[in-house]
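Everything below concerns the one structure shown next.
None of these values were measured; they are calculated from a predicted model.
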Amino acid sequence: VNDDILWDYIDKRENFFNLPTRKSKPNEDNKLCTYADFKKKELLYKNWTNKNYVPTTKTVVAHDVDVITCLEITPEFIITAADDTFIKVYDLNGEKQTTLKGHEGGVWALKYDLETNFLITAGTDRSIRIWDLGSFKCIYVFKGHTSTVRCLELSNNDKNGRFILSGSRDSNIMIWKMPSKPDQDSDEELVYNVFHLNPYYLGTLKGHTDSVRSMSVYKNILVTGSYDGTCRIWNISELRCICKMLGNGSRVYAVVYDHKRNRVYSTTTDFKIFVWEVKNYGDTGHMTRYPNQPNVLVLYAPALILHGHAGLVGLLELKGDILCSAAADGSVKGWDVNNFKVLFQYYHNGNIPISSFWFDDNFLILGSEVQFTLLNIRTGDILSHDILHFADNVWGIKSDGKKIYTAVVKDHKSYLSVIDFTNMEVAPTRANRYTNVLRGSLGVSKEYLFSRRLSPERYIKENQEKSLLADNDTPLCYD
């Protein structure tokens with residue numbers, strides 16, 4: 001019982017949950033799993049998979065509009081934002097704490113920074129606001145964009161500093177230094193109306209010719225996707241483009257940067273997923289020399305195109321070795337990025353577009369119109385269709401293992417629902433199941449089902465790779 005190395009191995013072998021601690025920093029996730037920690041995860045997994053019981057659900061009114069644009073969870077709070085200009089803050093049980101007011105338009109992007117406990121928000125009023133969640137006050141307002149700020153990312157690099165990255169419909173990406181603390185000399189928010197007079201403004205990345213729709217970042221490398229049909233890779237600290245991907249063909253909706261494999265994944269309006277090889281690009285591109293500038297890699301075609309969806313692929317996320325994609329035809333696919341085989345796939349009845357999803361190695365949670373589905377991709381079982389039977393649509397899903405946090409719509413009002421797997425109740429009988437809820441079908445490959453165990457050799461290898469990865473900076477550098 002007291003052998004933490006043994007229980008850490010068993011924890012990684014079973015791979016139930018990676019539960020965050022309340023105040024843990026990003027570099028504090030290497031602690032060994034104890035016996036007590038493992039039993040908590042095991043109990044949670046049993047609660048998720050027990051069909052005789054259901055988690056308790058608490059639902060509260062969030063916004064007076066029918067779409068929640070942003071949903072985020074922090075170690076202490078649940079945060080929602082919408083087109084009504086407001087940002088709502090709740091505790092992790094769904095009890096409202098406060099409303100953050102200041103934006104003059106809809107809030108379309110939101111990021112939380114654990115290091116400072118700051119919340120960064122942006123939207124249609126073209127401004128970026130930084131809130132201190134310790135005091136619930138706005139402490140900085142950055143202005144500079146000339147159109148809606150559509151996406152935000154945060155970059156944390158020991159060598160180059162910490163940055164806020166904002167992508168806009170004005171086709172530009174602006175880079176801001178992350179403030180380290182609130183200004184001690186003022187109780188009022190500091191508003192910087194002129195960006196070149198803002199001491200936190202570092203520069204603007206120019207090159208896209210249409211709206212910047214999606215961004216993905218790792219340390220000093222930023223990947224952007226635009227409605228101009230291109231993706232670009234940028235060196236943040238040097239404020240320059242180091243790679244252009246020109247072969248998308250139509251508007252880019254989502255990009256994901258895979259730093260371990262030096263790849264970029266992108267989706268467009270033509271139902272495909274493009275795989276771009278940044279290092280091993282072969283005959284798909286070449287290095288281009290510009291006068292008085294460093295070389296730029298230009299890719300004219302992806303190394304691989306993934307087919308299978310029959311609608312716009314609007315959602316794309318990478319976790320570990322799994323790339324999960326969701327489309328407007330009601331399909332969801334999990335791809336193994338080592339060989340691009342489909343590990344699991346789900347199809348909604350009625351071809352209703354997927355509006356949100358969350359997944360880990362064990363579970364896949366899907367939200368769409370009249371459908372909220374909980375799936376066990378570890379076993380191939382459909383666990384529930386009925387938890388949010390009252391919802392007209394589900395616009396956002398987050399989970400920390402203990403609870404699922406969802407942004408839902410009912411009768412043109414938006415709600416926050418907290419589904420608690422630490423507090424279970426008896427499930428309704430089959431006769432009382434809800435007939436209004438649409439359902440679907442799940443398929444999981446045998447290869448995925450039988451690859452759920454870690455050997456001692458793989459356990460050692462993964463821990464060595466994790467240690468090496470923490471010591472190495474971003475491998476991309478084209479000089």
Side-chain angles (χ1 to χ4, degrees), residues 153 207-208 212-235 240-290 294-327 331-345 445 447-448 465 469 472-479:
E153 283 290 352
H208 285 298
V212 178
R213 177 64 171 78
S214 179
M215 301 194 300
S216 180
V217 68
Y218 176 74
K219 292 191 176 181
N220 196 41
I221 295 296
L222 172 69
V223 177
T224 56
S226 169
Y227 280 176
D228 65 8
T230 71
C231 301
R232 289 173 178 254
I233 303 177
W234 311 83
N235 182 305
R240 66 181 181 91
C241 178
I242 58 178
C243 179
K244 302 176 185 178
M245 288 156 274
L246 307 179
N248 288 281
S250 57
R251 288 183 169 187
V252 178
Y253 267 77
V255 292
V256 171
Y257 177 45
D258 184 351
H259 68 273
K260 290 184 178 179
R261 301 165 189 86
N262 290 310
R263 290 187 191 135
V264 172
Y265 311 108
S266 66
T267 68
T268 65
T269 55
D270 58 5
F271 315 161
K272 302 171 184 175
I273 302 170
F274 295 87
V275 181
W276 304 88
E277 290 285 357
V278 180
K279 281 280 189 179
N280 303 315
Y281 53 86
D283 58 0
T284 63
H286 66 270
M287 299 299 294
T288 301
R289 295 182 181 274
Y290 294 98
N295 293 346
V296 174
L297 172 62
V298 179
L299 299 178
Y300 294 100
L304 183 67
I305 299 176
L306 305 180
H307 299 271
H309 292 291
L312 184 149
V313 183
L315 301 174
L316 193 67
E317 186 174 358
L318 176 69
K319 289 183 180 179
D321 291 345
I322 303 175
L323 179 70
C324 192
S325 56
S331 65
V332 178
K333 292 180 181 291
W335 311 81
D336 184 340
V337 295
N338 297 303
N339 54 29
F340 295 105
K341 292 181 179 179
V342 176
L343 299 175
F344 57 84
Q345 54 189 337
S445 72
E447 179 182 349
Y448 187 72
E465 288 177 348
L469 185 64
N472 292 331
D473 202 350
T474 305
L476 283 179
C477 184
Y478 298 108
D479 292 326

Check the pair H208 / T230 against side chain to side chain contact (heavy atoms under 4.5 Å, CB included), numbers first and verdict last.
CA-CA 8 Å; H208 285 298; T230 71; 3.3 Å; yes
Taking salt bridge (charged side-chain N to carboxylate O under 4.0 Å, His left out) as the definition, give me every residue that meets it alongside D228, ordered by chain and number, with sequence neighbours left out.
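D228: no salt bridge (charged side-chain N to carboxylate O under 4.0 Å, His left out) contacts found.
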Enter the distance from S216:OG to E317:CD here, rounded to the nearest 0.5 Å.
10.0 Å
So how far is it from D336 CG to I322 CD1, rounded to the nearest 0.5 Å?
7.5 Å
Are the side chain of R232 and the backbone N or O of G207 linked by a donor-acceptor pair below 3.5 Å?
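Looks like yes, one N/O pair under 3.5 Å.
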So, T288 side chain and V298 main chain: donor-acceptor pair closer than 3.5 Å or not?
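No: the side chain of T288 does not pair with the backbone of V298.
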Kindly determine whether S266 and V255 satisfy side chain to side chain contact (heavy atoms under 4.5 Å, CB included), including the steps that lead there.
CA-CA 4 Å; S266 66; V255 292; 4.1 Å; yes
With side chain to side chain contact (heavy atoms under 4.5 Å, CB included) as the test, would you mind laying out the steps for L297 and I242 before giving the verdict?
CA-CA 6 Å; L297 172 62; I242 58 178; over 6 Å; no
So do the side chains of [X] and [Y] get within less than 4.5 Å of each other, counting heavy atoms only?
X: N262; Y: Y257; answer: yes
X: S214; Y: V252; answer: no
X: L316; Y: S325; answer: yes
X: N338; Y: R261; answer: yes
X: H309; Y: I273; answer: yes

Between L222, T224, V278, which is the residue that forms a side-chain contact (heavy atoms from CB on, under 4.5 Å) with I233?
V278
Restricting to side-chain contact (heavy atoms from CB on, under 4.5 Å), what partner residues turn up for L312, sequence neighbours left out?
Y253, T269, A328
F340: what forms a side-chain contact (heavy atoms from CB on, under 4.5 Å) with it, not counting sequence neighbours?
R263, Y265, V275, L304, L306, V337
What do the steps show when you test C324 against V332 for side chain to side chain contact (heavy atoms under 4.5 Å, CB included), and what is the final call?
CA-CA 7 Å; C324 192; V332 178; 3.7 Å; yes
Looking only at non-hydrogen atoms, find the nearest pair between S445 and V342 and report the distance.
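Scanning both residues, the minimum pair turns out to be CB-O, 3.9 Å.
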State whether the number of non-hydrogen atoms from other residues, nucleotides or ligands found under 6.0 Å of K319 atom NZ is greater than 12.
yes
